[in-house]
Amino acid sequence: MPLLFFLAALACFAQSGMTGSATSGRAAQPARPLPKGRTAPRVDLQDLAAQAGLTAINVSGDPQHNSYIVETTGNGLALFDYDGDGLVDIFLVNAGQLDAKAAPRGARHHLYRNLGGLKFADVTDKALIPSTSFGQGVCAGDYDNDGRLDLVIANWGPNTLLHNEGNGTFTDQSAKLPQGKTRWTTGCAFLDYDRDGDLDLFLAHYLDFNPATTPKPGAKSQCVWKGLPVACGPRGLPGESMSLLRNDGGGKFTDVSKAAGISTAKNYYGFTVLTGDFDNDGWPDVYVACDSTASLLFHNLKNGTFAEEGIVSGAALNEDGREQAGMGAAAGDYDGDGKLDIFKTNFSDDTPTLYRNLGGMAFADVTVRAGLGIHTKFLGWGAAFLDVDQDGWKDILHVNGHVYPEVDTAGIKEQFAQERTLYWNRGDGEFYDLSHQAGSAVTERHASRGMATADLDNDGTLEVVIVNLHQPPSLWKNRAPVGNALLVEARLANGRDAIGAKVMLTANGRTMVDEVRSGGFHISHGDLRTHFGLGTATKARLSIRWPDGTTKDYGEVSANQWVTARQNTGLSQRPFAK
């Protein structure tokens, strides 16, 4: 990154300060029409949650008035196959409420078992899922290499490690996590940062929160928004740093944050942990979307340590050199150049941000030129790259909802419940806003937070599950015709999901890439199988770079299949469900 750019970014960051509004935004740009002769695909996203049996109500603070910021950030979810039956199940995190002394009352989380055919049964009690302290995010990974996916629930308060016993139940193994003092953890992700074969754990922390010392709504300038008394923060409250827990291989974790270069000054409000090999060197890096401060990009130096390069890389600030109120984050190769780009959601009076990966750990904010700068009214949370029409180009979805329920009655032209946003990838570096042509599920209004994608019915298309504050979740199904696809499951020789593997498909002269990833979205976790739209292609060539750095070419595979690849062995293939 040129020195002049670095110095200019530092100057802008210093001038922006840490007071004032919740975000440093930019003006909306006019929506761009499709080029002459181009037509948008037919997309028909419908919410089937009620028919599917997903009825649990989210509990996250008071639904009418929030006294503290911890009530506003919402919850994540995990889409993972906990019982190994080939059907992805749903885990919903709840936060609970605060009692009269602002102490957290733990909430009941919900585990829904996938019965097939988009039908689910609540097995929370049967699976021995405990209530925890104030829940926030969640991530899944097989930390002890027994072939079963375990869960970490990030909390305000001690975090929770649930070990999958393989008989449909979980046991609380939280004692294996270094906890220290009570912290507010938001997002998490499993990754093998040192490539020793054991999954380590990265945690994002939001702020050092103590209700006893936090001012009440309206008490200070940081507790007023557009003239409305609101819950204080994050600005004006003490920031945090992030944590890295190394898996010692014996089922316990050691905090190596300081030794690994993760423990920065406590100046950040961390939300979503997004892993990815952003410089294509075979080692996983970590991006953290931060609220009201510069976001963080930890570059893996391949020696057990990281260098924080957010500002110098161009992925910490917007193109004006200002910090934003980052919430959710997703990684995907939107322009087909083989490099993972980053999409981040932000506060209202701002746009989301698309960072194009230039290679060599350098990024450029291309939001406006990509056609994503047309809305500033939405407050974005969960984010995903997904190929909704399966034409081979990753589209962008983000869900929205305000932080302050009081805005509905304040007369300031803001809404707590907001519609969702879907951008169709035109394949030429630009996106088209398809939100109002994509089905009733997109335009329905909710105060949404966490979101994740998975092929819940194994038919080759991705479903979307969304957490809605104080309401049941949403489950989206696209009823419109789509192109061909492949679903690729990568597993290590020991049977564990190959988190960190890079999956590459070549079809119709184009190469598409994705990674097996824990975490992301907004403090959530999605399908560990990678999904590729193929358009009209009936075959694709598959190769995988495994987490240890080795690469294997599996040759051509036919479209419309779920393909399982094991390291050092061949493929198993099954056609999509009808």
Side-chain angles (χ1 to χ4, degrees), residues 31-46 330-341 343 354 356-357 366 369-372 383-398 420-439 441-442 453-464 476-488 503-515 526-527 529-542 556-563 575-577:
R32 298 173 185 168
L34 284 171
K36 189 175 181 179
R38 295 290 304 276
T39 58
R42 179 175 169 242
V43 177
D44 184 19
L45 290 163
Q46 300 294 319
D333 180 15
Y334 83 94
D335 54 357
D337 65 356
K339 298 185 286 289
L340 290 175
D341 311 296
F343 178 80
L354 177 63
R356 182 170 182 259
N357 192 334
V366 296
R369 75 186 75 167
L372 299 175
F385 281 101
L386 75 165
D387 190 351
V388 69
D389 60 334
Q390 299 183 175
D391 64 349
W393 296 94
K394 296 289 187 182
D395 312 302
I396 291 175
L397 170 68
H398 65 87
R420 289 68 174 261
T421 315
L422 176 64
Y423 290 102
W424 175 60
N425 192 333
R426 299 177 0 180
D428 59 1
E430 293 194 23
F431 291 81
Y432 176 75
D433 184 5
L434 200 63
S435 307
H436 287 267
Q437 308 171 44
V442 185
T453 61
D455 186 356
L456 296 175
D457 54 2
N458 292 332
D459 70 346
T461 64
L462 289 181
E463 282 70 56
V464 181
W476 291 5
K477 178 73 177 175
N478 184 11
R479 295 301 197 189
V482 293
N484 295 329
L486 271 172
L487 199 63
V488 181
V503 182
M504 296 160 280
L505 284 184
T506 301
N508 284 341
R510 288 186 53 234
T511 298
M512 295 167 279
V513 302
D514 205 348
E515 286 190 13
D527 202 337
R529 302 171 298 179
T530 53
H531 174 266
F532 297 88
L534 297 179
T536 59
T538 58
K539 291 185 178 180
R541 190 173 191 91
L542 169 65
E556 278 197 339
V557 294
S558 296
N560 300 323
Q561 294 191 97
W562 167 6
V563 176
F576 290 145

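Please read all numbers here as calculations on a predicted model, not as lab measurements. Values below: every heavy atom of this structure, side chains too, minus hydrogens, waters and symmetry copies.
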Walk me through whether Asp335 and Arg356 qualify under side-chain contact (heavy atoms from CB on, under 4.5 Å). CA-CA 9 Å; Asp335 54 357; Arg356 182 170 182 259; 2.6 Å; yes
Backbone N or O of Ala438 within a donor-acceptor pair of the Arg42 side chain at under 3.5 Å? no
Please round to the nearest 0.5 Å and tell me the distance separating atom CG of Asn458 and atom CH2 of Trp562. 4.5 Å
Looking only at heavy atoms, what is the nearest atom pair of Met512 and Gly392, with distance? SD-O, 3.6 Å
Donor-acceptor contact present, side-chain Asp527 to main-chain Thr453, <3.5 Å: no
Is it true that the NZ or CZ of Arg426 lies under 6.0 Å from the centre of Trp393's six-membered ring and within 45 degrees of the ring axis? no
Any side-chain heavy-atom pair of Phe532 and Leu542 under 4.5 Å: no
Starting from the C-alpha separation in whole Å, work towards a yes-or-no answer on side-chain contact (heavy atoms from CB on, under 4.5 Å) for Phe385 and Asn425. CA-CA 10 Å; Phe385 281 101; Asn425 192 333; over 6 Å; no
Do NZ/NE/NH1/NH2 and the carboxylate oxygens of Lys394 and Asp341 come within less than 4.0 Å? no
Any donor-acceptor N/O pair, His531 side chain to Gly460 backbone, under 3.5 Å: yes
Can any side-chain N or O of Gln390 pair as donor or acceptor with the backbone N or O of Asp387 at less than 3.5 Å? no
Could you tell me the separation between the OG1 atom of Thr530 and the CG atom of Leu505, rounded to the nearest 0.5 Å? 7.0 Å
What do the steps show when you test Arg32 against Asp433 for salt bridge (Lys or Arg N to Asp or Glu O under 4.0 Å), and what is the final call? CA-CA 9 Å; Arg32 298 173 185 168; Asp433 184 5; over 6 Å; no
Once you round to the nearest 0.5 Å, how far does CG of Leu456 lie from CH2 of Trp476? 14.0 Å
Go through the steps for Arg420 and His398 under the test side-chain contact (heavy atoms from CB on, under 4.5 Å), then give the verdict. CA-CA 6 Å; Arg420 289 68 174 261; His398 65 87; over 6 Å; no
Start with the C-alpha gap between Leu354 and Phe431, add the side-chain angles, then the distance that decides, and say whether side-chain contact (heavy atoms from CB on, under 4.5 Å) holds. CA-CA 11 Å; Leu354 177 63; Phe431 291 81; 4.0 Å; yes
Of all residues at least two apart in sequence or in a different chain, which pass the side-chain hydrogen bond (donor to acceptor under 3.5 Å, both in side chains) check with Thr511? Thr506
Can you name the closest pair of heavy atoms from Thr39 and Trp424 and give their distance? O-CH2, 3.7 Å
Is there a side-chain contact between Phe576 and Leu487 (heavy atoms, below 4.5 Å)? yes
Would Lys339 and Asp333 satisfy salt bridge (Lys or Arg N to Asp or Glu O under 4.0 Å), going step by step from the backbone distance to the final call? CA-CA 6 Å; Lys339 298 185 286 289; Asp333 180 15; over 6 Å; no
Under the criterion side chain to side chain contact (heavy atoms under 4.5 Å, CB included), which of Asp455, Leu486, Leu462, Val503 is the partner of Arg529? Asp455
Okay, side chain of Asp391, backbone of Gly535: is any donor-acceptor separation there less than 3.5 Å? no
Is a donor on one side and an acceptor on the other found under 3.5 Å between the side chain of Ser435 and the backbone of Leu422? yes
With sequence neighbours excluded, give me every side-chain hydrogen bond (donor to acceptor under 3.5 Å, both in side chains) pair touching residues 477-488. Asp457-Lys477, Asp459-Lys477, Thr461-Lys477, Glu463-Lys477, Asn484-Asn560
Pairwise distance CG(Asn508) to NZ(Lys539) - rounded to 0.5 angstrom: 13.0 Å
Considering all heavy atoms of both residues, which atom of Ala559 and which atom of Leu534 are nearest to each other, and what is their separation? CB-CD1, 3.6 Å
Would you confirm whether Asp389, through its side chain, and Val482, through its main-chain N or O, come within 3.5 Å as a donor-acceptor pair? no
Quick check: closest heavy atoms across Ala383 and Ala330, and the distance to 0.1 Å? O-CB, 3.7 Å
Under 4.5 Å between any side-chain heavy atoms of Glu515 and Leu340, yes or no? yes
What do you reckon, are the aromatic ring centroids of Tyr334 and Phe343 less than 6.0 Å apart? no
